[in-house]
Structures are given as C-alpha cells and as structure tokens.
**Student:** 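Pasting a structure here, questions to come.
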There are 2 protein chains.
Amino acid sequence: MERNTRQRNAILDAISEAGRPLSTQEILAAGQAVVPSLSIATVYRTLKDLTAESWILPVKLPGEADRYEMTQLGDHYHFKCSACSRVFDIHERIKKSNLLVPRDFVIEKYDLILYGRCSECQPKP
Amino acid sequence: MERNTRQRNAILDAISEAGRPLSTQEILAAGQAVVPSLSIATVYRTLKDLTAESWILPVKLPGEADRYEMTQLGDHYHFKCSACSRVFDIHERIKKSNLLVPRDFVIEKYDLILYGRCSECQPKP
DNA sequence: ATGCTATTGATAACTTATTATCAATTAATC
DNA sequence: GATTAATTGATAATAAGTTATCAATAGCAT
C-alpha cells in the first residue's frame with residue numbers, strides 16, 4: 001500500500017493494542033469503533049498486506065480461522081479460553097529436552113496450544 | 001450402520017493398520033486398494049459413523065482438514081513431517097509442571113504439535 | 001482547492017472440505 | 001435364489017472463510 005489511511009491505521013492499532021491475537025471479527029469490531037464504515041473486505045485486504053510486510057503474523061489454531069498478532073512478540077505459545085473463546089499469549093518456553101521423538105526424527109518447530117479458563121472466566125465458587 | 005460391508009471394513013482396517021492418523025484422501029486410497037469402487041462420499045459417511053461410535057477420533061492440526069486414528073491410543077501428541085506431510089503419533093507426555101500460565105488461568109487440556117522431518121525424509125548428507 | 005489514482009465498501013464469486021440426494025447395488029433374511 | 005431395505009457411488013449442494021469486482025471515496029502531490 002502506498003497511502004496512509006484511517007482504515008489501515010485503525011486495524012494496525014487494534015492489533016497492536018490488543019496484547020493478544022485477534023480474530024477478523026474482533027479486528028472488524030475494534031476498527032469500526034474508530035472508523036464506523038470499515039468493511040470486512042478492507043479488514044481482509046489490510047491483514048494480507050500487513051502480513052506480507054511482516055507487521056503481523058497469523059495465529060493458527062486447529063479448526064479455527066486465523067487470528068493475528070504483532071510479529072515482534074518472539075517465541076511464545078497460546079491459551080484459548082473455552083468460555084469466552086479469546087486467545088492469550090503465554091510467554092514461556094518448554095525445555096526442548098522435554099520434547100521426545102523417535103530417533104531419526106528432527107524437530108524444526110512446535111506449537112503448544114493450551115485450553116482452559118482465563119482469569120475472567122473462572123466458575124463462581 | 002447395521003450391515004457389515006466391504007467398504008466399512010476396508011476403511012476401518014486402513015485406519016487400524018496405519019499406526020498414524022490418516023487424511024480422508026489417504027483413507028480413500030487405502031480403501032480403494034481393497035474395494036476399487038470406494039467413493040469419497042462413503043469415506044466421509046463411514047468416518048462420521050465410526051466417530052459417533054467412538055471407534056475412531058479426529059486429529060486436528062491448524063489449518064488442515066481432520067485426520068483420523070483409532071481411539072484406544074490414549075494420551076499422546078503428533079508430529080507432522082514437513083516433507084511428506086504425514087502425521088505420526090508420539091507416545092510421550094509433557095510434565096504438566098512445565099506448562100506455565102498466568103495465575104488464575106486454569107488449564108483443562110493441551111495440544112502439542114511438532115513439525116520437522118521424519119526418519120524417511122532426512123536431507124541427504 | 002484540483003486532479004489523479006490508490007483505497008474503500010458492498011457484494012458477488014470463489015475455495016476447499018464436507019454433506020445431501022437419489023437411483024443403483026448389495027447384505028441379510030427367508 | 002428371491003425379497004427388501006440399508007448402503008453405495010456419482011454428483012449436486014452446502015457452509016464458512018476469504019478473495020475479486022467495480023463504482024464511489026478520499027489521500028497526497030501539485
């Protein structure tokens with residue numbers, strides 16, 4: 001892209017300020033809070049551009065559409081709340097020595113996805 | 001289902017003998033080796049039935065269609081070869097103490113997916 | 001402020017995986 | 001072997017997410 005538009009800024013701001021991966025619908029809603037006319041087509045277009053320019057990265061969970069987060073977050077994994085469906089970043093690493101595979105298999109990377117209840121979704125005592 | 005058909009037997013045999021999760025196309029190919037007329041519609045129908053009867057389970061990887069494996073395998077995780085695209089079972093566990101999340105987050109379950117090269121797909125030295 | 005053209009918004013089209021349809025086939029019973 | 005209804009095969013239909021289309025809008029340079 002060559003022009004600085006309100007839509008593009010709103011989308012990148014939404015992702016940048018979320019602190020967790022956002023779905024396209026979450027990005028649309030957050031963007032429309034700033035630019036009410038924002039359309040889902042522009043969201044997809046802009047996500048594609050921002051991804052190509054390495055500002056953001058897709059976060060893939062099994063059976064779900066891609067979410068997006070800023071690239072500079074470094075290695076981490078993800079926690080999905082089974083109640084509110086939000087995904088959170090977990091900034092911890094697993095010791096690679098804990099990842100056992102048969103000899104002759106070589107690990108290049110791995111994804112760890114945790115499922116459970118986030119702090120806001122604990123069952124009432 | 002109420003009848004014992006060659007198609008159903010071929011599909012369940014394929015999954016049972018594979019020793020790893022199979023995609024619908026792999027199941028179709030393996031089944032057609034026994035029943036050449038086997039159609040993809042029958043594969044999907046039978047997978048649905050076998051899943052409902054708990055003979056098999058879907059294996060979900062991010063961004064990919066479900067694969068299927070036998071249910072009795074117990075807890076384990078999966079390794080996908082980036083060269084041949086096959087998925088293998090890894091019968092190891094992670095120590096739960098290695099899974100750190102913020103306080104007030106409660107883990108219910110997790111998926112660990114490894115990516116790399118399987119023993120048959122190592123780069124030539 | 002004007003003009004040019006990239007970008008947007010609305011929606012149709014597309015994609016890939018899966019499911020529904022229905023005539024033909026076949027397993028199970030007699 | 002004939003009967004009958006469940007199952008199959010071929011293909012159309014569906015679903016959900018994403019992309020393409022194109023007239024209208026709005027950045028940016030002048």
Side-chain angles (χ1 to χ4, degrees), chain A residues 1-15 21-69 78 80 85-87 113, chain B residues 1-15 21-69 78 80 85-87 113:
Chain A
M1 70 285 327
E2 308 177 1
R3 289 179 184 175
N4 200 29
T5 67
R6 291 175 300 137
Q7 288 85 349
R8 176 185 162 101
N9 289 337
I11 289 167
L12 189 52
D13 285 353
I15 297 168
L22 296 184
S23 68
T24 55
Q25 289 305 315
E26 288 174 321
I27 293 166
L28 178 63
Q32 285 179 334
V34 178
V35 183
S37 68
L38 180 64
S39 84
I40 190 66
T42 297
V43 170
Y44 277 110
R45 249 188 317 243
T46 305
L47 291 175
K48 206 176 171 187
D49 290 341
L50 292 173
T51 302
E53 296 165 24
S54 296
W55 289 101
I56 63 176
L57 283 176
V59 172
K60 296 169 182 295
L61 300 204
E64 306 192 36
D66 288 355
R67 290 173 175 79
Y68 292 87
E69 68 182 0
H78 295 109
K80 181 181 178 187
S85 296
R86 290 182 299 178
V87 173
I113 306 164
Chain B
M1 69 286 326
E2 307 177 1
R3 289 182 184 173
N4 201 29
T5 67
R6 291 175 301 138
Q7 288 84 349
R8 176 185 162 102
N9 289 338
I11 290 168
L12 190 51
D13 285 352
I15 298 168
L22 296 184
S23 67
T24 54
Q25 289 305 317
E26 287 174 323
I27 292 165
L28 176 64
Q32 284 179 335
V34 178
V35 183
S37 68
L38 180 65
S39 83
I40 191 64
T42 297
V43 170
Y44 277 110
R45 251 187 317 241
T46 304
L47 291 175
K48 205 176 173 187
D49 291 341
L50 292 173
T51 302
E53 297 166 23
S54 295
W55 289 100
I56 62 176
L57 284 175
V59 172
K60 295 169 185 294
L61 300 205
E64 306 191 36
D66 288 354
R67 289 172 174 80
Y68 293 86
E69 67 182 2
H78 295 109
K80 182 182 176 185
S85 297
R86 291 182 299 178
V87 173
I113 305 164

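Lettering of chains follows the sequences in order, A, B, ..., and the numbering in each one begins at 1. All figures in this text were calculated on a predicted structure; none of them were measured in a lab.
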**Student:** With Arg67(B) as reference, evaluate Val87(B), Ile56(B), Leu22(B) under the side chain to side chain contact (heavy atoms under 4.5 Å, CB included) test and give the passing residue.
**Tutor:** Val87(B)
**Student:** Taking five pairs at each end of the helix from dA1(C)-dT30(D) to dC30(C)-dG1(D), what angle separates the two helix axes (nearest 10°)?
**Tutor:** 40°
**Student:** Just list the side-chain donor-acceptor pairs under 3.5 Å for residues 29-41 of chain A, sequence neighbours left out, or say none.
**Tutor:**
residue: Gln32(A); atom: NE2; partner: Leu38(A); partner atom: O; Å: 2.8
residue: Ser39(A); atom: OG; partner: Ala41(A); partner atom: N; Å: 3.3
residue: Ser39(A); atom: OG; partner: Thr42(A); partner atom: N; Å: 3.4

**Student:** To the nearest 0.5 Å, what is the distance between CD1 (Ile27(B)) and OH (Tyr44(B))?
**Tutor:** 9.5 Å
**Student:** Starting at atom CD of Glu64(B), determine the distance to atom C1' of dA17(C), rounded to an integer number of angstrom.
**Tutor:** 13 Å
**Student:** Considering only heavy atoms from C-beta outward, does the side chain of Arg86(B) approach that of Glu26(B) to under 4.5 Å?
**Tutor:** yes
**Student:** Taking only residues two or more places apart in sequence, or in another chain, which ones meet Ser85(A) in a side-chain contact (heavy atoms from CB on, under 4.5 Å)?
**Tutor:** Lys80(A)
**Student:** Do Ile15(B) and Leu47(B) make a side-chain contact, defined as non-hydrogen atoms from C-beta onward lying under 4.5 Å apart?
**Tutor:** yes
**Student:** Which letter, B, S or -, goes with each nucleotide of nucleotides 25-30 of chain D from 5' to 3', with contact meaning a protein heavy atom under 4.0 Å?
**Tutor:** -BBS--
**Student:** Run Lys60(A) and Leu61(B) through side-chain contact (heavy atoms from CB on, under 4.5 Å) and show every step you take.
**Tutor:** CA-CA 9 Å; Lys60(A) 296 169 182 295; Leu61(B) 300 205; over 6 Å; no
**Student:** What parts of residues 34-44 of chain B reach DNA chain C, counting only heavy atoms under 4.0 Å away?
**Tutor:** Ala41(B), Tyr44(B)
**Student:** dT8(D) C1' sits how many Å from Leu47(B) CG, rounded?
**Tutor:** 15 Å
**Student:** Given that Ala65(B) and Lys48(B) both sit by DNA chain C, which one's nearest nucleotide is further toward the 5' end?
**Tutor:** Ala65(B)
**Student:** Between His78(A) and Val59(A), is any pair of side-chain heavy atoms under 4.5 Å apart?
**Tutor:** yes
**Student:** Using heavy-atom distances to pick each residue's nearest nucleotide on DNA chain D, tell me which of Arg45(A) and Thr24(A) is more 5'.
**Tutor:** Thr24(A)
**Student:** Taking atom P of dG9(D) as reference, at what distance in whole Å does atom CZ of Arg8(B) sit?
**Tutor:** 15 Å
**Student:** Taking the side chain as every heavy atom from C-beta outward, state whether Lys48(B) and Thr51(B) have any atom pair closer than 4.5 Å.
**Tutor:** no
**Student:** Let me know the distance between CG of Asp66(B) and P of dT16(C), rounded to the nearest Å.
**Tutor:** 17 Å
**Student:** Could you walk me through whether Leu28(A) and Gln25(A) pass the side-chain contact (heavy atoms from CB on, under 4.5 Å) test, one step at a time?
**Tutor:** CA-CA 5 Å; Leu28(A) 178 63; Gln25(A) 289 305 315; 3.8 Å; yes
**Student:** With sequence neighbours excluded, tell me which residues meet side-chain contact (heavy atoms from CB on, under 4.5 Å) with Leu57(B).
**Tutor:** Thr71(B)
